[in-house]
Amino acid sequence: MEHLIKWMSNPRIVRYLHEDPDVVRELQRLLVTVPAPMLTFQFNRWGRFFIVCDPQGSAIGFVKMKSMASQGTYEIVFVIGEEGLWGNGYGKNAIRAALSTAFFEWRAKKVVAKIYAGNGRSIRSVQSCGFSCEYHEEPLFRYSITMDDYLDRLRA
């Protein structure tokens, strides 16, 4: 939890996120008021929350996936919070793992990523995982991948 608070306090990380400005205060409140075994339930209230770890098991980021209004469609948000690890493929690996969960466990039809135009690393990450741009409306791009597209990539 301390890692998450540190990442969400970093302006270089949160500038491209759609988070409430009070997210750090809410995380601190949760840390104090919610027993550790119950934190998982709190984080998964509005979707699924995954911690991204490096090969040694250290927390380096997170992935959130939540159901959207359209049946079978999920939105993905991914963050590598350790700046020194940016550009090392951890984001792509986290996206691939999340896509596997969405399509094979949840039977999702589509996964969507909304990314700010200036966030080139995230745009390259989703594109390399097979997402294509649905539309661009300043300041956001909306990328998506369907189950069929995902399966085609696995077969290739």
Side-chain angles (χ1 to χ4, degrees), residues 1-10 13-24 26-27 30-31 34 36-55 57-82 85-86 88-117 119-137 139-154:
M1 176 71 101
E2 289 83 10
H3 290 293
L4 191 56
I5 291 170
K6 179 181 89 172
W7 301 330
M8 300 308 284
S9 298
N10 183 337
I13 292 171
V14 298
R15 73 177 171 204
Y16 294 125
L17 295 179
H18 315 286
E19 294 294 335
D20 185 308
D22 292 331
V23 69
V24 171
E26 179 63 18
L27 290 170
L30 284 174
L31 188 59
V34 177
M38 299 302 290
L39 285 172
T40 299
F41 297 107
Q42 289 295 316
F43 280 104
N44 289 312
R45 281 186 301 185
W46 295 286
R48 290 286 300 270
F49 187 88
F50 306 92
I51 293 292
V52 177
C53 296
D54 67 10
S58 298
I60 61 169
F62 66 89
V63 174
K64 289 191 316 184
M65 292 191 65
K66 67 177 184 174
S67 181
M68 297 180 72
S70 176
Q71 185 71 15
T73 301
Y74 292 85
E75 181 179 0
I76 185 172
V77 175
F78 56 98
V79 172
I80 300 302
E82 298 299 326
L85 298 176
W86 290 356
N88 290 324
Y90 290 111
K92 290 179 215 172
N93 290 340
I95 294 166
R96 288 182 186 122
L99 290 175
S100 179
T101 297
F103 291 127
F104 295 135
E105 290 181 32
W106 304 344
R107 301 294 187 235
K109 295 176 184 159
K110 182 187 212 179
V111 175
V112 171
K114 298 175 185 173
I115 303 174
Y116 281 99
N119 192 347
R121 285 187 194 274
S122 291
I123 289 171
R124 287 188 297 278
S125 292
V126 295
Q127 288 174 333
S128 72
C129 291
F131 285 71
S132 55
C133 187
E134 284 186 350
Y135 68 85
H136 175 216
E137 185 176 307
L140 291 174
F141 284 94
R142 179 180 160 132
Y143 285 87
S144 68
I145 185 169
T146 65
M147 180 178 233
D148 290 338
D149 292 338
Y150 179 73
L151 294 174
D152 286 346
R153 284 185 65 83
L154 290 180

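Here the closest non-hydrogen pair linking Ala108 and Met147 is O-CB, 3.7 Å. Here the shortest heavy-atom pairing between Ile145 and Cys129 reads CD1-O, 3.6 Å. The two residues Val112 and Phe131 come nearest to each other via the heavy atoms C-CE2, 4.3 Å. For the pair Met8 and Val14, the tightest heavy-atom approach, listed with the atom from each and the gap, is O-CG1, 3.3 Å. When every heavy atom of Phe49 is checked against every heavy atom of Lys64, the shortest pair comes out as CD1-CG, 3.4 Å. Closest heavy-atom contact between Ile51 and Ala59: CG2-CB, 3.7 Å.
Residues passing the salt bridge (Lys or Arg N to Asp or Glu O under 4.0 Å) test with Arg142, sequence neighbours excluded: Glu134. In this structure Lys92 satisfies the salt bridge (Lys or Arg N to Asp or Glu O under 4.0 Å) test with no other residue, sequence neighbours excluded.
The structure places OG of Ser67 at 12.5 Å from CZ of Arg48, a figure rounded to the nearest 0.5 Å. Rounded to the nearest 0.5 angstrom, Met65 CE and Trp106 CH2 are separated by 4.5 Å. Considering NE2 of His3 and NZ of Lys6, their distance stands at 6.5 Å, rounded to 0.5 Å. Rounding to the nearest 0.5 Å places SG of Cys133 at 9.0 Å from CD1 of Ile115. Remark: Leu99 CG to Leu154 CG distance equals 9.0 Å, nearest 0.5 Å. One finds the OH atom of Tyr90 at 9.0 Å from the CD1 atom of Ile80 (value rounded to the nearest 0.5 Å).
The aromatic rings of Phe141 and His136 lie parallel to each other, with less than 30° between the two planes, well short of the 60° mark. Classification of the Phe62-Trp7 ring pair by plane angle, with boundaries at 30° and 60°, yields parallel.
Checking side-chain atoms of Ser100 against main-chain N and O of Arg96 turns up no donor-acceptor pair under 3.5 Å. For Thr101 (side chain) and Ala97 (main-chain N/O), a donor-acceptor pair under 3.5 Å exists by modelled atom type.
Proximity of Val79 to Tyr16: side-chain heavy atoms (C-beta onward) are nowhere separated by under 4.5 Å. Using a 4.5 Å cut-off on side-chain heavy atoms (C-beta onward), Tyr143 and Ile123 make contact. A 4.5 Å side-chain heavy-atom check between Val126 and Phe78 finds at least one atom pair inside the cut-off.
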